[in-house]
Amino acid sequence: MAIIMDGNGRWATSRGRPRLFGHQAGARRVSDIVETCPDLGIRYLTIFAFSTENWKRTQTEVSGLMTLFRRYITKEAQRLLQGGVRVRFIGDRERLDPKLARLMDELEQLTAANEALHLTVALNYGGRDEVTRATRRLAAEVAAGRLAPEDVDASTLARFLDTCSLPDPDLVIRTSGEARISNFLLWQSAYAEYEFVDTLWPDFDPDCFREVIGRYGNRDRRFGAVHG
Ligand code: FPP
């Protein structure tokens, strides 16, 4: 399961509040949705928190989001640990504030033995950037003579992706009525189903989540084949 959490800004603006107010409400929703996953039998959840394109937002919004991520990790670490959640981050950490990057590493280590829910947070993540970084590493292996070009297939490339230890998503949900994938899990979503819902992320409560999962359960997935 993967979610593009969209609509925080519009949610705040419609209330006459700054955009960051919407992101704060969005962060509370993350906790609600994470807590609902075990009831719904969801073992893997990947959420899009910050894209490689989001740096183009105002400095105030970007630094507000970075502070929010730091506070969220600090505040929620124990709850995630107790709740059996294993947290991983995908995306390029190089450009992130070292303090935030350290908190991310620590949370990954702290929760590494958990198995109830695998929560992956995409932070400074872009699908093209991920494939580019993976290709660079793969090319270095070829150049060093450790990998033969003719041995490179889809599964080889997948091993170099940030998501190498995760299953591909069955379903990608995007909130807020936009029907785009915005550079999210490009490689991994090759056979994913999509659900675009009008609800803005801060309003996307566990009931909305259950409803979307219910709709997905009725779909017939063929993976390119024809059922008899
Ligand atoms: C998109 O809404 C949302 C984001 C770019 C940030 C997502 C972040 C959160 C939900 C906050 C916390 C996350 C974690 C993991 C603690 P938008 O700002 O593009 O909304 P708009 O399209 O209405 O402007």
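One-based numbering, in listed order, for ligands and for the atoms of each. One-based numbering along the sequence shown.
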Protein residue, atom and distance nearest to [atom], heavy-atom basis:
{"atom": "atom 1 (C) of ligand 1", "result": "Met5 O, 3.2 Å"}
{"atom": "atom 11 (C) of ligand 1", "result": "His23 O, 3.5 Å"}
{"atom": "atom 13 (C) of ligand 1", "result": "Phe69 CE2, 3.7 Å"}
{"atom": "atom 9 (C) of ligand 1", "result": "Asn8 ND2, 3.6 Å"}
{"atom": "atom 7 (C) of ligand 1", "result": "Ala49 O, 3.3 Å"}
{"atom": "atom 24 (O) of ligand 1", "result": "Arg19 NH2, 2.9 Å"}
{"atom": "atom 20 (O) of ligand 1", "result": "Gly9 N, 3.0 Å"}

Would you check the N or O atoms of [X], main chain and side chain alike, for any that come under 3.5 Å of an N or O of ligand 1?
{"X": "Asn54", "result": "no"}
{"X": "Tyr72", "result": "no"}
{"X": "Asp6", "result": "yes"}

More than 12 heavy atoms of other residues, nucleotides or ligands under 6.0 Å from [atom1] of [X]: is that the case?
{"X": "Arg71", "atom1": "CZ", "result": "no"}
{"X": "Gln82", "atom1": "CD", "result": "yes"}
{"X": "Arg15", "atom1": "CZ", "result": "yes"}

Main-chain N/O of Arg180 paired with Arg174 side-chain donor or acceptor, under 3.5 Å |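 Flag set: sc Arg174 to bb Arg180 pair under 3.5 Å.
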Ligand 1 contact on Trp201 by region, counting heavy-atom pairs under 4.0 Å |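 For Trp201, only side-chain atoms sit under 4.0 Å from ligand 1.
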Please state whether the rings of Phe69 and Phe50 are parallel, tilted or perpendicular, taking 30° and 60° as the class boundaries.
->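 Correct class here is perpendicular.
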Classify the angle between the aromatic ring planes of Phe48 and Phe184 as parallel (below 30°), tilted (30 to 60°) or perpendicular (above 60°).
->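 Parallel.
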If you draw the axis of the six-membered ring of Trp201, does the NZ or CZ of Arg29 fall within 45° of it and under 6.0 Å from the ring centre?
->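 Ring-cation test returns no.
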Are Glu195 and Tyr216 close enough that a side-chain donor and a side-chain acceptor fall under 3.5 Å?
->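 Short answer, no.
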Hey, is [X] one of the residues with a heavy atom under 4.0 angstrom from ligand 1?
{"X": "Arg29", "value": "no"}
{"X": "Arg57", "value": "yes"}
{"X": "Ser176", "value": "no"}

Can you name the one residue among Met104, Glu106, Arg102 that meets side-chain contact (heavy atoms from CB on, under 4.5 Å) with Ile73?
->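 Answer to the side-chain contact (heavy atoms from CB on, under 4.5 Å) test with Ile73 among Met104, Glu106, Arg102: Met104.
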